[in-house]
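None of the values given here were measured: they were computed from a predicted structure. All values below come from the heavy atoms of this structure, side chains included, with hydrogens, waters and symmetry mates left out.
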Amino acid sequence: MMRSRMRFRAPLREVGSTVFIPPLRSSSLPNPLSRQSSADRFIPNRSAMDFDYAYYALQPHPKNREKENNSSATATTSKEAYRKLLAETLLNNRTRILAFKSKPPTPTDGFLSGTTSDPLTSSFHLTKPKQRRYISRTEERGLEAPDLVDDYYLNLLDWGSSNVLSLALGNTVYLWNASNESASELVTIDEDVGPVTSVSWAPDGQHIAVGLNNSHIQLWDSTNSRLLRTLKRVHRSRVGALAWNKNILTTGGMDGKIVNNDVRIRSHAIQTYRGHTLEVCGLKWSGSGQQLASGGNDNLLHIWDLSMSSSSPPPNQNQYVHRFEGHMAAVKALAWCPFQSNLLASGGGGSDRCIKFWNTRTGACLNSINTGSQVSSLLWNKNERELLSSHGLTQNQLTLWKYPSMLKMAELTGHTSRVLFMAQSPDGCTVASAAGDETLRFWNVFGTPEDAKHVPKENPMPFSSYNHIR
């Protein structure tokens, strides 16, 4: 049934742009031209006015006219004499005060000189207002995504450092190369082990981890479409969350366990975190790779430290650094701030609807914003202090927030069902979103980086010693 359906709807095929247009409703306001009771100006009632008496009252009394004429003549003579004396004494009888007979002198060297170190000029450039960028409210393009599993707790979309986007549709993982806009199929797994429950690119942009419904994790070489190895007996049920930290692949399962797997060695499960009682649906390593944030269906958010993990933890001993119980629903959306290492943003499900900000060093909740709808994912802008969130009902929108004021900058609408996943391009500008309407949409929400300079980075090679694995 699934194959026949996909035959009519090819995955990752271009679809027409869906622009949100509000419904046109007839206005209930009255026509301003139909008003008959009001006039265009106010005309007072003059029936009680006596214009003859008013004119008489404004005229000077006959007895005072001669006295006023004599005093007026005296005042006029005095003013004329004062004006002449002022002109002779102060103005030297000049008629033009600001008239130059020669060019003004050149100013001496100082802070008013026209040098490049002029502080007035420098301060002007420093305080010059920054031009506001344009944020498009509609998607740049859309792709078909048939058989996308509408499950809030899974993570089926990721964008690798080599500019290739991976998307799991049912039992198949597809790759879409954003550089040449070509799509290919990486793998289709058997029905008894599927569907695919999570995908995550390794830091090198070449290898990809695929979590399955039967608790296995597969490691693939995307360049050669070759299966490298399968991690078994890590979890007892489906693996819905994956996160890379150099050569360490962290997996979170429905069994509540979080396991660090070193993919270079045979005994890959090297560390275990225990703290969640229900499914782990969110995993994110900090930029330093020292702290791990995990969110679960038990409404809990944990912060773990890499140095405090253990392969065989003692019973009844907590290993987490912080345990946050502020959310009232599942915590899936997690995002570490790129410009403040100890700042973490988290989003809650349908019964919570809040975005919270945490100081992972002190354990303090810095702020909490009620978004009004389910929060499925969060992404920071790498160039500005902004945060993007994706939501479910009622608008199924993406919302751009200004941090730390948390004022709404834009709302991006177009999906007709709840947005489940978001992924960010390597340059940090474009965002891809996948929703329950079985579409994949691309948004140019974070603008274009200024003076983009591609500095080569040393890509960690987690599979560099894979040939030694037997």
Side-chain angles (χ1 to χ4, degrees), residues 18 20 137 139 145 148-158 167-168 197-199 238 240-243 252 254 276-284 293-302 324-336 344-358 365 367-380 386-403 406-424 431-441 443 445:
T18 304
F20 175 75
R137 266 62 171 180
E139 71 270 19
L148 178 69
V149 180
D150 189 355
D151 193 327
Y152 174 82
Y153 304 102
L154 304 184
N155 292 273
L156 306 178
L157 178 68
D158 195 22
L167 177 65
T197 53
S198 56
V199 293
R238 72 178 186 179
L242 301 170
M254 185 179 280
H276 291 282
T277 58
L278 296 177
E279 181 174 15
V280 177
C281 52
L283 284 177
K284 282 291 187 302
S294 67
N297 196 18
D298 50 9
N299 308 344
L300 296 178
L301 170 62
H302 289 102
F324 301 129
E325 303 178 357
H327 287 288
M328 305 302 295
V331 184
K332 176 191 175 184
L334 300 171
W336 290 92
L344 174 70
S346 62
S351 300
D352 181 75
R353 306 177 179 182
C354 290
I355 299 176
K356 297 182 183 295
F357 297 90
W358 310 90
C365 182
N367 196 4
S368 180
I369 302 296
N370 192 334
T371 65
S373 58
Q374 181 186 58
V375 184
S376 59
S377 53
L378 295 169
L379 291 174
W380 286 96
E386 299 169 354
L387 180 70
L388 182 69
S389 58
S390 61
H391 301 273
L393 295 175
T394 56
Q395 291 183 306
N396 308 311
Q397 84 281 14
L398 279 66
T399 303
L400 183 63
W401 308 83
K402 185 68 176 177
Y403 183 84
M406 292 306 289
L407 296 176
K408 288 185 180 180
M409 300 181 61
E411 287 195 342
L412 315 179
T413 56
H415 284 292
T416 58
S417 183
R418 64 175 179 174
V419 183
L420 297 168
F421 323 108
M422 282 199 307
Q424 194 172 13
V431 171
S433 62
D437 57 8
E438 298 185 339
T439 62
L440 179 66
R441 299 174 189 265
W443 314 82
V445 60

Inset, instruction - Report the C-alpha distance between Ser346 and Trp358 in whole Å, list the side-chain angles of each, state the deciding distance to 0.1 Å, and finish with yes or no for side-chain contact (heavy atoms from CB on, under 4.5 Å). - result: CA-CA 8 Å; Ser346 62; Trp358 310 90; 2.8 Å; yes

Legend entry - Exercise: identify the closest heavy-atom pair between Gly436 and Leu420: N-CD1, 4.0 Å

Inset, instruction - Report the distance from atom CG of Leu156 to atom OG1 of Thr197, rounding to the nearest 0.5 Å. - result: 7.5 Å

Inset, instruction - State the OG1-CG distance between Thr439 and Leu148, to the nearest 0.5 angstrom. - result: 8.5 Å

Legend entry - Step-by-step side-chain contact (heavy atoms from CB on, under 4.5 Å) determination, Arg238 to Tyr153: CA-CA 11 Å; Arg238 72 178 186 179; Tyr153 304 102; 4.0 Å; yes

Legend entry - Test side-chain contact (heavy atoms from CB on, under 4.5 Å) applied to Ser368 - qualifying residues, sequence neighbours left out: Cys354, Lys356

Inset, instruction - Of all the heavy-atom pairs spanning Asn370 and Arg353, show the shortest one and how long it is. - result: OD1-O, 3.5 Å

Inset, instruction - Could you tell me whether a side-chain N or O of Trp401 sits under 3.5 Å from a main-chain N or O of Ser389, the two making a donor and an acceptor? - result: no

Legend entry - Whether Asp298 side chain and Thr277 backbone form a donor-acceptor pair below 3.5 Å: yes

Legend entry - Side-chain heavy atoms of Ser376 within contact of His391, under 4.5 Å: no

Inset, instruction - For the residue pair Val331 and Asn297, establish whether any side-chain heavy-atom pair is separated by less than 4.5 Å. - result: no

Inset, instruction - List the atom of Leu378, the atom of Gly347, and the distance in Å for their closest heavy-atom pair. - result: CD1-N, 3.8 Å

Inset, instruction - Might you work through the side-chain hydrogen bond (donor to acceptor under 3.5 Å, both in side chains) test for His327 and Asp352, ending with a clear yes or no? - result: CA-CA 6 Å; His327 287 288; Asp352 181 75; 2.8 Å; yes

Legend entry - Residue pair Val445 / Val431: nearest heavy atoms and the distance that separates them: CG1-CG2, 3.7 Å

Inset, instruction - Kindly give the heavy-atom pair with the smallest separation between Trp380 and Trp336, and that separation in Å. - result: CD1-O, 3.2 Å

Inset, instruction - State, without any angle test, whether Ser377 and Ser390 hold a side-chain donor-acceptor pair at a distance under 3.5 Å. - result: yes

Inset, instruction - For Leu398 and Ser433, run side-chain contact (heavy atoms from CB on, under 4.5 Å): C-alpha distance rounded to whole Å, both residues' side-chain angles, the deciding distance at 0.1 Å, then the answer. - result: CA-CA 9 Å; Leu398 279 66; Ser433 62; 4.2 Å; yes

Inset, instruction - Could you tell me the separation between the CG atom of Leu301 and the CG atom of Leu344, rounded to the nearest 0.5 Å? - result: 6.0 Å

Legend entry - Sequence-distant partners of Lys408, salt bridge (Lys or Arg N to Asp or Glu O under 4.0 Å), two or more places apart: Glu411

Legend entry - Side chains of Ser373 and Leu393 in contact at under 4.5 Å (non-hydrogen atoms): no

Inset, instruction - Assign the ring pair His276 / His302 to parallel, tilted or perpendicular, where the plane angle (0 to 90°) is split at 30° and 60°. - result: perpendicular

Inset, instruction - Decide yes or no for Leu242 and Asp158: does some side-chain heavy atom of the first lie under 4.5 Å from some side-chain heavy atom of the second? - result: no

Legend entry - Contacts of Arg418 that satisfy salt bridge (Lys or Arg N to Asp or Glu O under 4.0 Å) - sequence neighbours left out: Asp150

Legend entry - Considering all heavy atoms, the nearest Val149-Phe421 contact: O-CZ, 4.3 Å

Legend entry - All pairs passing salt bridge (Lys or Arg N to Asp or Glu O under 4.0 Å) where residues 325-336 contributes a residue, at least two apart: Arg323-Glu325

Inset, instruction - Using modelled atom types only, decide if a donor and an acceptor are shared between the side chain of Asn155 and the backbone of Cys281 within a distance under 3.5 Å. - result: yes

Inset, instruction - Kindly write out the residues that satisfy side-chain contact (heavy atoms from CB on, under 4.5 Å) with Met409, not counting sequence neighbours, or none if the list is empty. - result: Ile135, Glu386, Leu400, Lys402

Legend entry - Check against side-chain contact (heavy atoms from CB on, under 4.5 Å), Leu167 and Leu440: CA-CA 9 Å; Leu167 177 65; Leu440 179 66; 4.3 Å; yes

Legend entry - Thr416 side, atom OG1; Gln395 side, atom CD - distance, nearest 0.5 Å: 14.0 Å

Inset, instruction - Please say whether more than 12 non-hydrogen atoms of neighbouring residues, nucleotides or ligands are located less than 6.0 Å from CE in Met328. - result: no

Legend entry - Residues that Asn367 engages under side-chain hydrogen bond (donor to acceptor under 3.5 Å, both in side chains), provided they are two or more places apart: none

Inset, instruction - Compute whether any side-chain donor of one residue and acceptor of the other, for Asp437 and His415, lie under 3.5 angstrom apart. - result: yes

